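Excluded from the calculations below are hydrogen atoms, water molecules and symmetry mates; all remaining heavy atoms, backbone and side chain alike, are included. Please read all numbers here as calculations on a predicted model, not as lab measurements.
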Amino acid sequence: MELDGKVALVTGAGSGIGKATALLFAKQGARVGVLSRTEDEIRKTAEEIERSGGKAIPLVADVSREDQMKKAVEDLVQAYGRLDIVFANAGINGVWAPIDELKPEEWDRTVNINLRGTYLTIHYAVPHLKKAGGGSIIITASINGSRTFTSAGATAYSATKAAQVAMAQMLAVELAKHQIRVNVVCPGRIGTQIMENTSQRNTEEAEFPAEFPSGEIPLTGHEAGESEDVAELVLFLASKRAKHITGSPVWVDGGQSLIV
Ligand code: NAD
C-alpha cells in the first residue's frame, strides 16, 4: 500500500492512461477524485474502484473551464479532507492539419484543453498541496513535442506537449520550497481511445517523406504500449520512492522516440 492515507486527483480518468492510473492509485490505498467531462464514463471508473474495495468520487468537469475545475477540486477536498497527488493527464489530439488549413478555433480547442487545462488543474490544486505540507504533481505530455516531430499536422498538439514539459520544470523549481515535486511523463504510442477523437485533414501536405526503421517500437515491434505501463511510472513518481525526483521528463515509449 504505497499511497495509504493519500488523496489523489486524476484528470482524464474516464479511459486510457488516466483510468489505469486511477485504478492503480486506489489499489495502492489512495482515495481518488476521478475527473472527466463525460459523466457516465467517469461514474463507471469510480464504480469500478469502489467495487474492488477502493475509494473514489466521480468529478464531472471540463479541464478547460475555470468554474468547473474550481468546483471539482473543492468537492474533492470537501469529500476527503486533503489533497496530496495530482495527475494532470486529460488531453486530446484535436485536429491535425497543415498550418495554413488549421482553423483558429481548432488551434484554440487543443491549447485550451491540453495546456490551459493543465494550468487550471495545478492552479486550483496547489493551495491544498501546500496545506498538506507537500505533494506530487505528474503531468502527461508526449514524445511529440519533446523528442519526436514527425506526426504531420500535429502542430497544436505538439506545441501543448512541449509547453507541458517546460511547465513541469518551471514549477519544480517554484514549488520545491513547499516540498511539492513536479514531474512529467512522455508516453509513446499507447493503446487507448485517443485516436478515436482525432481528426486528420490533408496531413500528407504537412508530411516530409522520410523513411524510418521498420520496427516502429524497438521493445515491442508494432505493438503499442499499454495504459498500465504508464500508470506504473506515474505511481512511482507519486510515491515516496521518488522523493528526490523533480522536474524530470520520463519517456515511456519502448524506445519509440529514439528511432522516429
Ligand atoms: P483517452 O482518450 O483514452 O482518455 C482521455 C481522457 O480525458 C478521457 O477520459 C476523456 O473523457 C478525458 N478528457 C478529454 N478532454 C477532456 C476535457 N476537456 N476535460 C476533462 N476530461 C477530458 O486518451 P489517453 O491516450 O489516455 O490520453 C491521456 C493523455 O495521454 C493525454 O494527455 C494524451 O495527450 C497523452 N498521450 C497519449 C498517448 C497515446 O498514444 N495514447 C501518447 C502520448 C501522450
Scanning both residues in full, the closest heavy-atom pair of A79 with I57 reads CB-CD1, 3.8 Å
Assess the residue pair R109 and I92 against the criterion (side chain to side chain contact (heavy atoms under 4.5 Å, CB included)); give the C-alpha distance rounded to whole Å, side-chain angles, the decisive distance to 0.1 Å, and a yes or no. CA-CA 9 Å; R109 183 164 175 266; I92 57 163; 3.6 Å; yes
Residue pair M167 / I122, side-chain heavy-atom distance below 4.5 Å: yes
For S158 and T155, indicate whether the former's side chain and the latter's backbone hold a donor-acceptor pair under 3.5 Å. no
Has the side chain of T246 got a donor or acceptor atom that lies under 3.5 Å from a matching backbone atom of V182? yes
Looking at E74 and K70, is any side-chain nitrogen of the basic one under 4.0 Å from a carboxylate oxygen of the acidic one? yes
Would you say Q28's side chain and E2's backbone share a donor-acceptor pair under 3.5 angstrom? yes
Measuring from atom CD of Q256 to atom CG of L219, what distance do you get when rounded to the nearest 0.5 angstrom? 11.0 Å
Side chain to side chain contact (heavy atoms under 4.5 Å, CB included) between L171 and I137, intermediate numbers included: CA-CA 10 Å; L171 295 177; I137 297 171; 5.8 Å; no
Can E47 and R43 be counted as an ion pair, charged N to O under 4.0 angstrom? no
Within one Ile-Leu-Val-Met-Phe-Trp-Tyr cluster: V60 and V10, side-chain cutoff 4.5 Å: yes
Is the CD atom of E223 crowded by more than 12 outside heavy atoms at less than 6.0 Å? no
From OG1 (T21) to NZ (K19), nearest 0.5 Å: 12.0 Å
Expected output: side-chain E106 to main-chain K103 donor-acceptor under 3.5 Å: yes
Has T192 got a side-chain atom pairing as donor or acceptor with I194's backbone, closer than 3.5 angstrom? yes
Under 4.5 Å between side-chain heavy atoms, hopping through other hydrophobics if needed: is there a path connecting V260 to L258? no
Audit row: K161, N114, side chain to side chain contact (heavy atoms under 4.5 Å, CB included) steps and yes/no: CA-CA 8 Å; K161 295 290 147 182; N114 292 2; 4.0 Å; yes
Counting only N and O atoms by type, is there a donor-acceptor contact under 3.5 Å from the side chain of D84 to the main-chain atoms of G135? no
Check this for me, if you would: do K71 and D67 make a salt bridge, where the nitrogen-to-carboxylate-oxygen distance has to be below 4.0 angstrom? no
Can L237 be reached from I17 by stepping across I, L, V, M, F, W or Y side chains whose heavy atoms are under 4.5 Å apart? yes
Side chain to side chain contact (heavy atoms under 4.5 Å, CB included) between F236 and V250, worked out: CA-CA 11 Å; F236 169 71; V250 184; over 6 Å; no
Quick one: pull up CD1 in I143 and CH2 in W251 and give me the separation to the nearest 0.5 Å. 11.0 Å
ILVMFWY network linking V185 to L3, side-chain heavy atoms under 4.5 angstrom: yes
Looking only at atom types and distance, does a side-chain atom of N183 sit under 3.5 Å from a main-chain N or O of G247, one as donor and one as acceptor? yes
Atom pair CZ/CZ of R116 and R65 - distance to nearest 0.5 Å: 9.0 Å
In this structure, CG of N144 is separated from CZ of R189 (nearest 0.5 Å) by 12.0 Å
Closest heavy-atom pair, T45 versus A22, reported as atoms and distance to 0.1 Å, is CG2-CB, 4.5 Å
Single-linkage hydrophobic cluster, 4.5 Å side-chain cutoff, L175 and Y124 together: yes
Just checking M170: does its CE atom have more than 12 heavy atoms from other residues, nucleotides or ligands closer to it than 6.0 angstrom? no
Can you name the nearest heavy-atom pair linking A46 to V34, along with the distance? CB-CG2, 4.0 Å
Donor-acceptor pair, distance only, cut-off 3.5 Å: does the side chain of Q68 make one with the backbone of D62? yes
Give, for atom CZ of F87 and atom CG of L35, the distance between the pair rounded to the nearest 0.5 Å. 13.0 Å
Is there side-chain contact between M69 and V63, with at least one heavy-atom pair below 4.5 Å? yes
Considering all heavy atoms of both residues, which atom of C186 and which atom of V165 are nearest to each other, and what is their separation? SG-CG2, 4.4 Å
Looking at T11 and N89, would you say the former's side chain and the latter's main chain have a donor-acceptor pair under 3.5 Å? yes
